[in-house]
Amino acid sequence: MDNYLSLFTEYNIAAAFWVNIQLTFWAALISLAIGTVLALMRISPVPSFEAIGAAYVTIFRNTPLTIIILFGVLALFNQLGFTLSPNFNENFFRMAVMGLAIYHAAFVCEAIRSGVNTVPVGQAEAARAIGLGFLPAARLIILPQAFRGAVVPLGNVLIALIKNTTVASVGSVAVEASSVMKTALEFRGDIIIPIFLTFALGFVLIVIPVGLLTTWLSRKMAVAR
Amino acid sequence: MSTEPQTGGRVADGSPVVRLANVNKHYGPLHVLKDINLEVAKGEVVVVLGPSGSGKSTLCRAINRLETIDSGEIYIDGKKLPAEGKELARLRADVGMVFQSFNLFAHKSILDNVTLGPIKVKGLPKDEARKQALVLLERVGVANQKDKLPAQLSGGQQQRVAIARALAMAPKVMLFDEPTSALDPEMINEVLDTMITLAKEGMTMIVVTHEMGFARKAADRVVFMDAGQIVEQAAPETFFTNPRSDRARDFLSKLITH
Ligand SMILES: Nc1ncnc2c1ncn2[C@@H]1O[C@H](COP(=O)(O)OP(=O)(O)OP(=O)(O)O)[C@@H](O)[C@H]1O
Ligand SMILES: [Mg+2]
């Protein structure tokens, strides 16, 4: 037991998970913004916008996240010298956030679109009939209802995102949980299985409340028709 | 069988509020509006009748361009309905539309449903829009429901709110597409009464409905459509008692046996 507990003094596991939570937070915000714009493009009456939105989703939904993050670090940073921060570690963190955001935006877009499908066409027609243009109608009538109808799929994207923050390890974010786990596994061969279980449990503990919250929210926010 | 416009009881003053000239529309191979010519004068109430699939809804929806047309022109108060953009949105605000399925904004309160257009489209100050909305809700008899959500109201109440929402934009013409056919029978009259009052107050109205009582009481003219064409137009009494075309006769005989 003491053997196992020493794991927590040797490694700051809470701090490691905190990095994943921060990655999640920023990537979630940015992917929500990008995903909303993409969804707007995909439902817009302008064919070229719709095509761009569709192309984005197809490309990024079908590209492995590892490749996107490695592209940022190896191609954009190493080869082209592109940085998001003068601070070395902060730069890798931000690149990981952007990689995560760009990738998950495709899924956010599709989640919002599934929410849009829960809004009857009559809502958009009534909005147009009182003289609202596309953007005001989307902002005031369609999206508010679409988000309420998309709580569960958006929650699923968030859960995937939380777990996918571990991919930041390939992007040289060495302080996040799975990287710390790998280091711990190397040096503490005596407690390999407990280490796996500890980190797995950490993610389960973060993810479960998100699932519960979205189920509750989706009921509470459902639009009565 | 004549298709020249007749202006029933009322005298037209000046240019028509709504004018359709040689309007054609297809859905793929289906020719749903065939060379439609129609003028509706200020204050006139026109009831559009016709069998299912004859193009009544399409006609209504074309007038505020919820549907595009393939050829012809539509004028609202002398201005040609533009294809897209801001100008279209502005002209749409002049055309009130009441749908069969009410289509109240489901996530907004009754009051917000009525104030949204005036605030966001016309830029009316909030308190002014609110005052005006309360007057309108009072007029259609649902002011006491103002803080509820649409789903908490009966169908008849929702439809009356929808009428108030359209009126809040001070439209030049109101379109009604079967406003009572989704309602339980006991709620039909409360909506029809609201519409009859509106007609008496001089609102220009185009109403798709099979309620002959409404047509008799409030309409200046009945327009009978079949297979995408305007087959016959007449004052309501004339049309119901003495239809000229075989198709209208046939249609009326089926309506009565229902
Ligand atoms: N979006 C659409 N795509 C293809 N065909 C359509 C579409 N909307 C309507 N139609 C067809 O166009 C014709 C006219 O339809 P419309 O809804 O205008 O008829 P209507 O007179 O309003 O009928 P009803 O009394 O049943 O409401 C019908 O044959 C219908 O099937
Ligand atoms: Mg119809």
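These numbers were taken from a predicted model, which means no experiment stands behind them. Throughout, a chain's letter reflects where its sequence line sits, starting with A, and its residues are numbered from 1.
For D94(B) (side chain) and P171(B) (main-chain N/O), no donor-acceptor pair under 3.5 Å exists by modelled atom type. Listed for the R61(A) side chain is no donor-acceptor partner under 3.5 Å among the backbone atoms of F107(A).
The closest side-chain heavy-atom distance from I112(A) to F147(A) is below 4.5 Å. Between M97(B) and R61(B), the closest side-chain pair of non-hydrogen atoms falls below 4.5 Å.
Contact count against chain B (heavy-atom pairs under 4.5 Å) is highest for L140(A) among V223(A), L140(A), V121(A). Residue with the most contacts toward chain A among K122(B), M169(B), K86(B): M169(B) (heavy-atom pairs, distance under 4.5 Å).
In this structure, no portion of L91(B) lies under 4.5 Å from any heavy atom of chain A. Proximity to chain A (any heavy atom under 4.5 Å) is shown, for L149(B), by neither the backbone nor the side chain. For A166(B), no part sits under 4.5 Å from any heavy atom of chain A, backbone or side chain. Only the side chain of F99(B) comes within contact range of chain A, with at least one heavy atom under 4.5 Å from a heavy atom of that chain.
Judged by distance alone, the side chains of R160(B) and Q145(B) never bring a donor and an acceptor atom under 3.5 Å apart.
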